[in-house]
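Below: the structure, in structure tokens.
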Amino acid sequence: EKIPKWAKKMYEEYGSPELNENKDIFHGVLIDRKHGLRKDDLIEITIDNRVLAEEEDRKVGGMLIGTTRNSVDILDSSGSFKSIARDVIVQIVIVAHLRKPYLEDEELLKFEKEDMRRRANVQEKAEKNIEGRRDGHIWD
């Protein structure tokens, strides 16, 4: 696969993974199909020109950091973090997958498991520190 000029540096910094191993599979047995956005994908976002100043570029290229209900977060090709509102996105093109699909990505699954544990601990601490809590007599 051909990597665009803007993405070359990011691809190399990522360790130049073999792109054919991570490509989308659209045909064949349903269970074997793999497609869609993945964390760390190199993507190109087209923004609705009605929300941009005339001199602004409609296309933003970068590495997908994450998504929320309202935005798509990327590290752009100049190394800046950008959070782009979903409302203004016209199109997202996947330039290259740098990671394996979600369920095959052991590093990502391990991270998410550790992150869930960390979040549970933070939640527990927050609940213990709530002002006006009346269960201070309960032993920990």
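Note that the structure is a prediction, hence the values are computed from the model and not measured. We count residues from 1, following the sequence as given.
The structure places CG of D87 at 12.0 Å from CD1 of I47, a figure rounded to the nearest 0.5 Å. Between atom CD of residue E114 and atom CZ of residue R117 there is a gap of 6.5 Å, rounded to the nearest 0.5 Å. Taking OG of S77 as the reference point, atom CD of E44 lies at 9.5 Å (rounded to 0.5 Å). For the atom pair CE (M63) and CZ (F81), the distance works out to 11.5 Å, reported to the nearest 0.5 Å. For the atom pair CZ of R119 and CD of E112, the computed distance is 9.0 Å after rounding to the nearest 0.5 Å. Between atom CD of residue E127 and atom NZ of residue K125 there is a gap of 13.5 Å, rounded to the nearest 0.5 Å.
Residues E107 and K100 are not paired through a salt bridge, judged by the lack of any N-O separation under 4.0 Å between the basic side chain and the carboxylate. Using a 4.0 Å cut-off between charged side-chain N and carboxylate O, K110 and E106 make no salt bridge. Comment: D115 engages R118 in a salt bridge, judged by a side-chain N to carboxylate O separation of less than 4.0 angstrom. Ion pairing of K59 with D57 is absent here, as no side-chain N (NZ or NE/NH1/NH2) approaches a carboxylate O to less than 4.0 Å.
Hydrophobic clustering keeps I84 apart from M10 (ILVMFWY residues linked when any side-chain heavy atoms are closer than 4.5 Å, directly or through intermediates). The hydrophobic clustering, which links ILVMFWY residues whose side-chain heavy atoms are closer than 4.5 Å, places I3 and Y14 together. At a threshold of 4.5 Å between side-chain heavy atoms, the hydrophobic network of Ile, Leu, Val, Met, Phe, Trp and Tyr places I65 and L42 in one connected group. In the hydrophobic clustering of ILVMFWY residues, with side-chain heavy atoms under 4.5 Å counting as a link, I45 and V90 come out apart. Cluster annotation: V51 is connected to I92 through the hydrophobic network of ILVMFWY side chains, with a link wherever side-chain heavy atoms come within less than 4.5 Å.
Annotation for I94 and G36: closest pair CD1-O, 3.5 Å, computed over non-hydrogen atoms. Between R33 and H27, the shortest heavy-atom contact is NE-C, 3.9 Å.
By the 4.5 Å heavy-atom criterion applied to side chains, K23 and L19 are not counted as neighbours. Between S80 and L75 there is no side-chain heavy-atom pair separated by less than 4.5 Å. Within the 4.5 Å cutoff, the side chain of D48 has no heavy atoms near those of the Q91 side chain. Contact of the R58 side chain with the L52 side chain is registered, since non-hydrogen atoms from C-beta on lie closer than 4.5 Å. Residues Y102 and R38 fail the side-chain proximity criterion, which asks for heavy atoms closer than 4.5 Å. In this structure, the side chains of L64 and D40 stay at 4.5 Å or more apart for every pair of heavy atoms. Put simply, the side chain of L98 does not reach to within 4.5 Å of the side chain of D41, judged on heavy atoms. You'll find the side chain of D73 stays beyond 4.5 Å of the side chain of T67, heavy atoms only.
Partner N22 forms a side chain to side chain contact (heavy atoms under 4.5 Å, CB included) with one of H97, R99, E104 and no other, that one being H97.
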Could you go step by step and tell me if I74 and I43 meet the side chain to side chain contact (heavy atoms under 4.5 Å, CB included) rule? CA-CA 9 Å; I74 67 168; I43 61 174; 3.7 Å; yes
Given the rule in the salt bridge (Lys or Arg N to Asp or Glu O under 4.0 Å) test, do E13 and K9 qualify, once you have shown the distances and angles that lead to the verdict? CA-CA 6 Å; E13 286 175 348; K9 182 180 176 208; 3.7 Å; yes
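In this structure a side-chain-to-backbone donor-acceptor pair under 3.5 Å is present from E56 to A53.
A side-chain donor-acceptor contact under 3.5 Å links S78 and D76.
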